[in-house]
Amino acid sequence: MARGHQKIQSQQKNAKKQAEIKKSKGHDQKSAAKAALVFTCGVCRSQMPDPKTFKQHFESKHPKSPLPPELEGVEA
């Protein structure tokens with residue numbers, strides 16, 4: 001085990017290394033997932049990643065509402 005001055009140097013080196021790793025990563029999973037949600041339901045404002053999921057959601061959650069025009073040609 002490192003003691004005293006060597007321990008402090010090791011901690012500083014590790015903190016610097018972790019900061020570089022975090023900076024090089026650039027983004028986190030939450031922001032990437034949020035960017036993937038591109039379709040928004042006009043009725044309940046929930047977000048979906050693709051038109052197929054959006055159509056399935058719309059047909060199951062809002063059966064009485066008319067289908068939006070962007071979902072007319074999509075097969076579920």
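In what follows, every heavy atom counts, from backbone to side chain, and hydrogens, waters and symmetry copies are set aside.
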Original post:
Under 3.5 Å, is there a donor-acceptor pair between the side chain of S60 and the main chain of Q56?
Top reply: yes
Subject >> Approximate separation, where rounding is to 0.5 Å, of F54 CZ and S46 OG >> reply: 7.5 Å
Subject >> side chain to side chain donor-acceptor pair (under 3.5 Å) against S65, all qualifying residues, sequence neighbours excluded >> reply: none
Subject >> Working for side-chain contact (heavy atoms from CB on, under 4.5 Å), residues C41 and Q47 >> reply: CA-CA 6 Å; C41 178; Q47 296 176 322; over 6 Å; no
**OP:** Apply side-chain contact (heavy atoms from CB on, under 4.5 Å) to the pair L71 and E59, showing each step before the final yes or no.
**Re:** CA-CA 10 Å; L71 295 179; E59 289 172 345; over 6 Å; no
Original post:
By side-chain contact (heavy atoms from CB on, under 4.5 Å), which residues pair with Q11, not counting sequence neighbours?
Top reply: K7
**OP:** Hey, could you give me each pair passing side chain to side chain donor-acceptor pair (under 3.5 Å) that has a residue in residues 32-45? Not counting sequence neighbours.
**Re:** none
Original post:
Under the side-chain contact (heavy atoms from CB on, under 4.5 Å) test, which residues partner I8, sequence neighbours left out?
Top reply: Q12
**OP:** Quick one: list whatever passes side chain to side chain donor-acceptor pair (under 3.5 Å) with Q9, sequence neighbours left out.
**Re:** H5
Subject >> Evaluation steps, side-chain contact (heavy atoms from CB on, under 4.5 Å), between C44 and H57 >> reply: CA-CA 10 Å; C44 64; H57 159 81; 3.4 Å; yes
Original post:
Can you find a heavy atom in the side chain of V43 that is under 4.5 Å from one in the side chain of K61?
Top reply: no
**OP:** Measure the shortest side-chain to side-chain distance between L67 and E72 over non-hydrogen atoms and say whether it is less than 4.5 angstrom.
**Re:** yes
Subject >> L37-F39 co-clustered via ILVMFWY side chain contacts under 4.5 Å >> reply: no
